[in-house]
Each structure stands twice: as C-alpha cells, then as structure tokens.
Amino acid sequence: MAREECKALLDGLNKTTACYHHLVLTVGGSADSQNLRQELQKTRQKAQELAVATCSRLTAVLRDRGLAAEERAEFERLWVAFSGCLDLLEADMRRALDLGAAFPLHAPRRPLVCTGVAGASSGVAARALSTRSLRLEAEGDFDVADLRELEREVLQVGEMIDNMEMKVNVPRWTVQARQAPGAELLSTVGAGPSSVVSVEERQGGFDPRKALAAILFAAVLLAAVALAVCVAKLS
C-alpha cells in the first residue's frame with residue numbers, strides 16, 4: 001500500500017511539474033497575461049503540496065530499518081525519481097522568477113498610433129485611461145506580490161532538497177534501473193493486444209516465416225541463373 005501510494009503521489013507530481021514547465025515557457029510571450037501568472041501560481045503551489053506529501057511518505061518508509069532489501073531498492077528508485085523531479089521544479093521556479101522580473105505585467109504600454117483626437121472626446125478618453133490605470137495597478141499589485149511569494153517558495157524548495165539529503169542518504173549512482181534506457185518508449189499505454197508491437201519484433205527477432213520465404217526466394221533465383229546458363233550454352 002505504501003509503495004502504491006508513493007507511486008501515485010510521484011505520478012501526480014510529475015504531471016504537475018510538467019504542466020508548470022510548459023506554462024513557464026510562455027512567460028514574456030504573446031500569451032502572457034495575469035491569467036497565466038495566476039495559473040502559474042496555482043500550479044506551483046499544487047506541485048509544492050505534492051512534493052511535501054511525497055517527501056514525507058518516502059522519508060518515513062526509507063528510514064524504516066526493518067524494510068526488506070527488495071522493497072528498499074524499489075523505494076530508493078522512487079526516491080531518485082522524486083529528487084530529479086524536485087530539481088526540475090526548482091529550476092523552473094527560478095526561471096519563472098527571472099522571467100517575471102524581466103517582463104512585469106504592470107509595464108506601461110505606449111500606443112502605436114497617435115490620432116491627435118481632442119475636444120469633446122477628452123472626457124471619454126480620460127475615463128478610459130482611468131479605467132486602464134486601475135486595471136494596470138491591480139495587475140501590478142498582483143505581479144509584485146506574486147514575485148515576492150515566488151522568491152520565498154524557491155528558497156523553501158531549496159531547503160527541502162537539502163533536508164532530504166540529510167535525512168535519507170541515497171546516492172543516485174548506486175540505484176540501478178529495472179529497465180533498459182528507452183524501454184518505456186516501446187510500451188503503448190492503454191493499447192489493445194492488436195496494437196501492441198512486441199520488443200522482439202522491434203529488435204528484429206527471428207521469424208520462421210521470413211526465413212522460409214528467404215530460402216524459397218534464394219532457390220528460385222539459383223534456378224533462374226542455372227536456366228539462363230543452360231540456354232546460353234545451347235545457343
């Protein structure tokens with residue numbers, strides 16, 4: 001039960017971290033907005049909640065001296081995967097902090113075209129500018145507060161990584177994978193038996209039907225060559 005729970009937590013953390021990475025790449029681009037920054041905030045907070053829960057569960061299990069060797073090896077693999085995921089999350093949070101500081105939401109935007117309109121419409125323009133100023137001010141307040149909070153959270157994730165290494169000593173180079181590199185690319189999740197291609201077929205395993213076809217083809221080719229030689233001698 002503990003292993004399945006840890007796997008479920010780690011799977012959720014992987015998906016949330018991947019989603020956060022995708023969102024960070026759009027900061028400062030044409031799709032950047034306050035909605036994006038709010039979504040970034042929610043996603044990273046969700047990732048941190050999952051990270052805390054996963055770290056607590058794995059730490060409790062790995063510090064159990066009565067854990068069997070086979071189970072310990074499995075949990076150590078989960079621990080290494082969790083450590084790598086947490087490193088990626090911290091790197092993306094630092095990238096989001098740098099991009100958020102470089103591309104603030106409350107930066108003034110100058111109009112591209114100066115129409116020179118004046119007169120009676122100045123009152124309407126003043127009200128429009130006032131509304132726009134209020135909106136930019138609200139965005140600026142959120143932007144500044146979010147960056148300060150993000151800076152604190154980056155430090156918290158860094159402290160979590162340091163505490164992990166102090167509580168559980170699992171060197172990454174000592175953990176062996178159960179599958180060969182790239183083995184997960186050969187599997188099809190949720191596919192039926194007819195759509196699953198076996199590893200032996202992908203790696204060019206022995207097929208008796210193909211071997212028989214090759215032998216027959218070679219025999220026909222030799223017979224054709226022999227017949228051509230006989231025809232040449234008779235002519």
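Numbering starts at 1 and runs along the sequence shown.
Within the structure, side chain to side chain donor-acceptor pair (under 3.5 Å) contacts touching residues 145-155 (residues at least two apart or in different chains) are Gln41-Asp146, Gln41-Glu149, Arg44-Asp146, Arg44-Glu153, Gln45-Glu149, Gln48-Glu153. Applying the side chain to side chain donor-acceptor pair (under 3.5 Å) test to residues at least two apart or on different chains, the pairs with a partner in residues 53-71 are Glu5-Arg57. The salt bridge (Lys or Arg N to Asp or Glu O under 4.0 Å) pairs that include a residue from residues 217-227 number zero, where partners must be two or more places apart or lie in different chains.
Distance check: Leu99 CG to Arg94 CZ gives 14.0 Å after rounding to the nearest 0.5 Å. In this structure, the separation between CG on Leu78 and CZ on Phe75 is 6.5 Å, given to the nearest 0.5 Å. The SG atom of Cys55 lies 6.5 Å from the NZ atom of Lys167; values are rounded to the nearest 0.5 Å.
In the hydrophobic cluster analysis, where Ile, Leu, Val, Met, Phe, Trp and Tyr join through side-chain heavy atoms closer than 4.5 angstrom, Leu88 is grouped apart from Leu150. Leu97 and Met160 fall within the same hydrophobic cluster, defined by Ile, Leu, Val, Met, Phe, Trp and Tyr side-chain heavy atoms under 4.5 Å apart, directly or through other members. Linking Ile, Leu, Val, Met, Phe, Trp and Tyr residues whenever their side-chain heavy atoms come within less than 4.5 Å places Val52 and Val61 in a single cluster. Both Phe103 and Leu23 are members of a single hydrophobic cluster when ILVMFWY side chains are connected at heavy-atom separations under 4.5 Å.
Residues satisfying the side-chain contact (heavy atoms from CB on, under 4.5 Å) criterion with Arg72, sequence neighbours excluded, are Leu62, Leu67, Glu76. By the side chain to side chain donor-acceptor pair (under 3.5 Å) test, Asp11 pairs with Lys15, sequence neighbours left out. For Asp162, there are no side-chain contact (heavy atoms from CB on, under 4.5 Å) partners at least two apart in sequence or on another chain.
You'll find the side chain of Met93 stays beyond 4.5 Å of the side chain of Val24, heavy atoms only. Inter-residue side-chain proximity for Ile161 and Glu165 is flagged as met; some heavy-atom pair is nearer than 4.5 Å. Side-chain contact between Met164 and Trp79 is present, with heavy atoms from C-beta onward closer than 4.5 Å. The side-chain heavy atoms of Asp32 and Thr26, taken from C-beta on, include no pair separated by under 4.5 Å. Arg37 is listed as a side-chain neighbour of Leu105, based on a closest heavy-atom distance under 4.5 Å.
Contact check on Asp92 versus Arg95 returns a salt bridge, with a Lys/Arg side-chain nitrogen under 4.0 Å from an Asp/Glu carboxylate oxygen. The pair Glu39-Lys42 does not count as a salt bridge, with every side-chain nitrogen at least 4.0 angstrom from each carboxylate oxygen.
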Side chain to side chain contact (heavy atoms under 4.5 Å, CB included) assessment of Phe82 paired with Leu86:
CA-CA 6 Å; Phe82 170 64; Leu86 205 58; 4.1 Å; yes

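Smallest separation of non-hydrogen atoms from Asp143 and Gly100: OD2-O, 4.4 Å. The two residues Leu13 and Cys85 make their nearest non-hydrogen contact at CG-SG, 3.7 Å. Contact record, Thr16 with Leu50: OG1-CD1, 3.5 Å, taken as the closest heavy-atom pair.
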